[in-house]
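Bear in mind that the values here come from a model prediction, so they are computed numbers and not experimental data. Every number for a ligand or one of its atoms is a count from 1 in the order of the listing.
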Amino acid sequence: MSKMTAPKSTTNLLKQLRSSMQNQNFVSEPIAAYIIPSADAHNGEYLADCDKYRAFISGFNGSAGTAIVTDKQACMWTDGRYWLQAREEMDDNWTLMKEGDPNTLKTDQWLIKTLPNGSKVGVDPTLFTHEKFSPLQQELETIGHKLIPVKQNLVELLWSDRPQRPLNPVKPLPVTFTGKTIKDKMLEVIAAMNEKKAKYFVVTALDQIAWVLNLRGSDIEYNPVFFSYLIIKSDATFTLFIDPRQASEEVKEHLKSEAGCVFTIEPYTRIEEALKEISTSLDQFVWFSEFSSYALTSIIPKKHLLLTSTTPIELMKAVKNPTEAQGMRNAHIKDAVALCCYFSWLEKNVASGNVTEVSGAAKLHELRKLQADFMGDSFETISSVGPHGAIIHYQPSKATDVPIRTDCLYLCDSGAQYRDGTTDVTRTWHFGTPTEYEKECYTRVLKGQLQLASRIFPTKLKGNHLDSFAREFLWDVGLDYGHGTGHGIGHYLNVHEGPMGISWRVLHQDPGLEANMFLSNEPGYYEDGKFGMRIEDIVQVVPANTPHNFNNRGFLTFDTITLVPKSINLINVKMLTDGEIEQLNKYHQLCRDVVGPLLEKAGEVEAKEWLWRQSTPISR
Ligand code: ZN
Ligand code: ZN
């Protein structure tokens, strides 16, 4: 099922865009192709409405896609999640390029094959990371094309009712939540800068700026960040580039009292000028992440440009300090209270046929709101029935909404932002009688999750090496799932956070696992058109108690901090070992011990009864 909307008429827009591509008021030389990515100037995962250029020019609203417009063609690359939606939302001017289909050329290959020799390809350099721009530039140059940074965004020119960039209030996050003052964080960053002989460190990722300055905002849905840039100088001063309307007295006071150093505030829009000024008198490096925009990195002369795939802030942020770690654990306990209330309510009401994917998700939101320091959801709730569960990024909408039923699986993946931590949890339920096959699949997913959760491994091991533990029991019978097993998660920040992860893909920037990193443990199994199941917990990396300690490396394991029972009616107990049964029963006892008293205190009698039923010890 999908949305039935009339496609956006783009004939006029494309005509105007093509004319701008030739107009030397906007481009230094006429361009044969213009690339419009789904990206903002900060390489963020979610975009503010004002940055949705690709959606505006094409009508296609999916979260991932790249458009290329030439004088005759308009093509949209997007992956399998969005093929149907893209077809419906785009008019006949557009050609859908099925990303992931082996017969589809990648964007760079397509440019090389399609354009006449010596063509110019244009792109807004604020929307292309250095890491993307440079290789494409080299590739195009090998056959005589040229990649041209076009300063004026050509889609912006046509977008008369483009929304304003959000200017939502920015709020200090007290040290009782952050555990570390700005000053202490800055000192660590500056030590890393001195090591690299960097005089300036330009921070462009919004979550990194929010973290190091102990500030939070709400400019981007689900991500508690605010539009800004930060330049840290090796003499322990810094400049924050932010809209003056967001730099309130409260923000300034907070920076003054926590940073204990000289700082200046300049307008958000002045970043390029400021870098140009810096670039005129350089004797040392200017440090950027290679995921910073080419518009900024290209201002600094190459010999003074230092690029790394991860930044010191990213590494510091990934290893939670004791206060952050405690907050993360607490956030997951509160979240468990809300989820137990939701799932028990669902179990009771689902038979009426009146609860739908959308109304269920809304109920869950209301229950989370009751928890202390709730600030919003951490991503759009995936509340999916039957075949919808197989669409990994399914988002229920009015057009696709269906009642939650008792004769098929229900998958709920959701999370919250609390001031003390970010959550992300998935449970899969069957409110009737599951088939033996569904039980077998669920049990295999569960076995993998239990196995990963209890692994012991040496410090600094890359998460990649752990991925197979979660898949083993699916692989045994020729099954698998098409996504990674674990991602990092922020502390009242982005729900997906690097640089580490647990995936079959090798993540080049993975620094290896350390104590107090937090990741998801989320194996699943999906059958297109039929059902989807996933079980997701957040785990904390903790020291393991081993009898030996090879080469003094220190050994680690995981502590699961999500405390919501798993579906015992979906388990085929015969497939579990004694050890797995013990591990699961222990987990369920912990859910009772920690969440039970809170449900009781809140007067949630039914939820508590539900928790007890769901956590009944299992045995063969
Ligand atoms: Zn999730
Ligand atoms: Zn997740």
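Glu357 contributes a side-chain N or O that, together with a main-chain N or O of Val385, makes up a donor-acceptor pair within less than 3.5 Å.
Among the candidates Glu88, Arg87, Glu89, the single residue satisfying the side-chain hydrogen bond (donor to acceptor under 3.5 Å, both in side chains) test with Gln85 is Glu89.
Legend: salt bridge (charged side-chain N to carboxylate O under 4.0 Å, His left out) pairs involving residues 412-421, not counting sequence neighbours, sorted by first then second residue: Lys334-Asp420, Asp373-Arg419, Asp413-Arg534. Residue pairs satisfying the salt bridge (charged side-chain N to carboxylate O under 4.0 Å, His left out) criterion with at least one member in residues 592-602, sequence neighbours excluded, are listed as follows: Glu600-Lys608. Sorted by first and then second residue, the side-chain hydrogen bond (donor to acceptor under 3.5 Å, both in side chains) pairs involving residues 336-345 (not counting sequence neighbours) are Tyr342-Tyr410.
By the criterion of a separation under 2.8 Å, the protein N/O/S atoms near the Zn ion (ligand 2) amount to Asp424 OD2, His487 NE2, Glu522 OE2, Glu536 OE2.
Relative ring orientation between Trp610 and Phe343 is described as tilted, the plane-to-plane angle lying within the 30° to 60° band.
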